[in-house]
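One structure is given below, encoded as structure tokens.
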Amino acid sequence: MSFLDLKNVTKIYPNGTKAVHETSLSVDEGEFMVFVGPSGCGKSTLLRMVAGLEDITEGDINLDGKLINEVDPSERDVAMVFQNYALYPHMNVYNNLAYGLKNRGIDKETIEQKVNDAAKLLQISDYLQRKPSMLSGGQRQRVAMGRAIVRNPKIFLFDEPLSNLDAKLRIQMRLEIKKLQQKVGVTSIFVTHDQVEAMTLADRLAVINNGIIEQLGTPIEIYDNPKSLFVAGFIGSPQMNFLDGNIKNKTLSAEGFEIKDIDSDFEGEVKLGIRPEHLSQSENSLINLKVDLVEQLGSDNLVYGQLKDKKDFCYRCPGNLTIEKGADLSLNIENNKYYIFDKSTGKRVN
Amino acid sequence: MTRFITSSFSHLILLIGILIMLVPVWMIFASSTHTSSMINMNGLQMFLGDSFYENYLRVLLYQGGFFKEITALKMFFNSFIMATGVAILSVVTSLMAAYALVYYRIKYATLLFWIIFITILVPLELRIFPTYSVMAELNLVNSYFGLIVPISASAIATLFFRQFYKTVPDELLESAKLDGANTWRFFVDFLIPLSKTMIVAMLIFMFVFGYNQYLWPLLVTTSEQYWTVVMGLKMMSGSIVHRFAFVMMSMVPPILIIIVLQKYFIKGVFQDK
Ligand SMILES: Nc1ncnc2c1ncn2[C@@H]1O[C@H](COP(=O)(O)OP(=O)(O)OP(=O)(O)O)[C@@H](O)[C@H]1O
Ligand SMILES: [Mg+2]
């Protein structure tokens, strides 16, 4: 059994909303697990069940070899960082960090030492006497982290802790969280709907949709090998292009082009997925793109345009290529990197 | 220039208001420092006389009542006990009632709350006989307990605390729980400090409410030993200047409480901002 073990966990809210469906998941000790998915897919619910803040309707959760379904949150030895930080407004930073330790009956000197160590690690030593209302967003974020770290819990739970920060600070804090987690080595679960955050932070990633884990794996596995239409569309930025097609006798025909000898026995209606970065310009072209708009990011250009059938399409090319608006590009798929999904079930078929 | 005119105009209105409120009080105070015969002959006075100590001391120490058993000093003591008791007891009970209503999983919490709230429509005067007979059965007539307890359940204070607790974000409770706080600790370490300002405001409010009680103390005390100041206002017999002096002194405790606690009250308000 691994460190954290969810077995057929289901959550049905009192009003009948089924937020999590029979989910099973194992997290190893020291692992950084990220839950990613669109809004309302049940990420927070799953996390809160681990914390003990929501009852488990069905299934079992084991932490460190112990069944915790019925264990009170205060006894679970987990720490959580909330989206709005939930700092204690009437206590100064020192007491915010010390509160959990005091409740565990730890003696004063040890508390002081632990708080000071955590404060140093997070560079908040200068603010220990301040109230949370006198801190900036980034500093509050650090205090929230400090409150989690100082107790040295079995597991860290993060519920979108970076979403209240501006873009630059987000990236900085993202890095710091990752570094900190590696340094402290505590098992962590991080919830986010930002796929870049998910990709950069995760040891392993669980892509959740409608209360089901659609795919579980390392970020690269999921990027390279999405198992469903949903995962393919959700992971990767800009989003994967999807085209309607039809397979007959190992030949895929889409609007305007055909791919022969595909690696699939599937027959029928499909969606063809091509990532913008897996295209290149070439003579014997497959796809003809009429350019509408070019976004120059410096290192890359994002080229948006339309195919023959007026379908929107995106192509990502190196930043040194100049592409004019209105140009006609002929594109080819690099190394046969395309994905085929059953149109009716969304399952990958190649 | 126009700003100067409008602001002096509003100041003028405020000044007139203050005068309307203060002049009668001042007249009573000024009159209470004269001798009775002076007032009887010349009416109310605008300027201070020289019988201040004589009048006030006599009122404080004079054995009043039908049986000459109580002094004004004792009445102040009684009123103080009663008002403080009502203030503390009602704040404590409504803090706890609101806590239960908001944070415990009580099935019909909202309905229960409205039932509590409806009691505002049932003032003491309306339930005075049943309340009295309960107190009589419990042998609490003529006791501080009997003076305090029946008027110490405050639906208004419960309402205020409940509304405040509802604005406290759930994450705070969840965070505290994960930090190992149990129900009691959350109440003591979080809700009470967070509602400090409101607690002080309610203490003032309920103190004045308790201090101003008239009908209930009148009913529940037969012994003069338990007379309160407000009862004394009616019962004290004596000459006009002594009554004035008593009226003046009866205003002191509420004013004092407001002045003393207002400091904390304002501090609390600004700290939280
Ligand atoms: N207390 C509740 N009572 C009833 N339904 C709820 C409750 N909390 C959440 N839900 C529902 O459960 C589903 C999952 O909610 P959850 O908060 O887990 O989503 P999420 O993935 O965290 O979304 P977000 O990214 O917006 O935070 C949603 O459909 C939501 O409406
Ligand atoms: Mg959420």
Side-chain angles (χ1 to χ4, degrees), chain A residues 14 44 47-55 71-92 95-106 111 130-134 140 143-144 146-151 153-161 164, chain B residues 91 95 98-111 160-161 163-203 263-273:
Chain A
S44 298
L47 193 75
R48 290 164 58 81
M49 284 194 285
V50 175
L53 300 173
E54 298 288 352
D55 295 332
V71 178
D72 197 72
S74 57
E75 310 279 315
R76 287 192 185 193
D77 201 10
V78 303
M80 186 153 167
V81 178
F82 293 83
Q83 180 170 357
N84 59 7
Y85 317 139
L87 300 180
Y88 308 143
H90 56 298
M91 298 184 193
N92 64 19
N95 285 325
N96 262 279
L97 265 60
Y99 186 70
L101 298 172
K102 281 182 194 158
N103 279 334
R104 280 175 173 67
I106 296 169
I111 291 180
R130 289 205 206 166
K131 293 268 177 73
S133 57
M134 296 147 87
R140 285 179 205 185
V143 175
R147 206 169 56 182
I149 284 175
V150 77
R151 266 173 37 208
K154 286 194 180 130
I155 189 163
F156 279 169
L157 307 172
F158 299 89
D159 194 352
E160 309 200 23
N164 284 348
Chain B
V91 167
L95 268 173
Y99 185 46
L101 286 171
V102 175
Y103 285 98
Y104 283 41
R105 285 188 197 167
I106 300 173
K107 211 162 180 189
Y108 298 105
T110 312
L111 181 70
F160 273 98
F161 288 127
Q163 296 316 97
F164 173 72
Y165 291 167
K166 283 192 170 259
T167 66
V168 173
D170 285 344
E171 283 91 352
L172 210 58
L173 171 65
E174 293 173 346
S175 219
K177 267 192 200 164
L178 292 173
D179 256 348
N182 57 25
T183 318
W184 173 247
R185 287 249 70 91
F186 180 68
F187 184 55
V188 174
D189 292 343
F190 288 81
L191 290 180
I192 291 184
L194 285 173
S195 49
K196 200 169 53 190
T197 318
M198 193 167 281
I199 290 175
V200 173
M202 283 297 138
L203 278 176
K263 224 170 59 191
Y264 298 100
F265 182 67
I266 290 175
K267 210 164 81 189
V269 170
F270 285 110
Q271 235 169 27
D272 291 351
K273 278 282 152 65

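In what follows, chains carry the letters A, B, and so on, assigned in the order in which the sequence lines appear, proteins first and then strands, with residues in each chain numbered from 1. Note that these values count all heavy atoms, side chains included, but never hydrogens, waters or copies made by symmetry.
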*What's the spacing between B:K177 NZ and A:M80 CE if we round to 0.5 Å?*
11.5 Å

*Going from CG on B:D170 to CG on A:L53, what distance comes out if it is rounded to the nearest 0.5 angstrom?*
10.0 Å

*Going by distance alone, is a donor N or O of one side chain under 3.5 Å from an acceptor N or O of the other, for A:Y88 and B:D179?*
yes

*More than 12 foreign heavy atoms under 6.0 Å from CZ of B:F160: is that the case here?*
no

*Check: B:S195 main-chain N/O paired with A:H90 side-chain donor or acceptor under 3.5 Å*: no

_Using every non-hydrogen atom in the two residues, find where A:A86 and B:L172 come nearest and quote the distance to one decimal._
O-CD1, 3.9 Å

*Contacting moiety of A:L87, where chain B heavy atoms sit under 4.5 Å*: backbone

_Proximity breakdown for A:N84 and chain B, heavy-atom pairs closer than 4.5 Å_ = side chain

_Need one label for B:N182: side chain, backbone, both or neither, based on atoms under 4.5 Å from any heavy atom in chain A._
neither

*Which region of A:R76, side chain (C-beta onward) or backbone (N, CA, C, O), has a non-hydrogen atom less than 4.5 Å from a non-hydrogen atom of chain B, or is it both or neither?*
neither

_Heavy-atom pair with the smallest gap, counting every atom of A:S74 and B:G180_ = CB-CA, 3.6 Å

*B:L178 and A:A51: which non-hydrogen atoms are nearest, and at how many Å?*
CD2-O, 3.6 Å

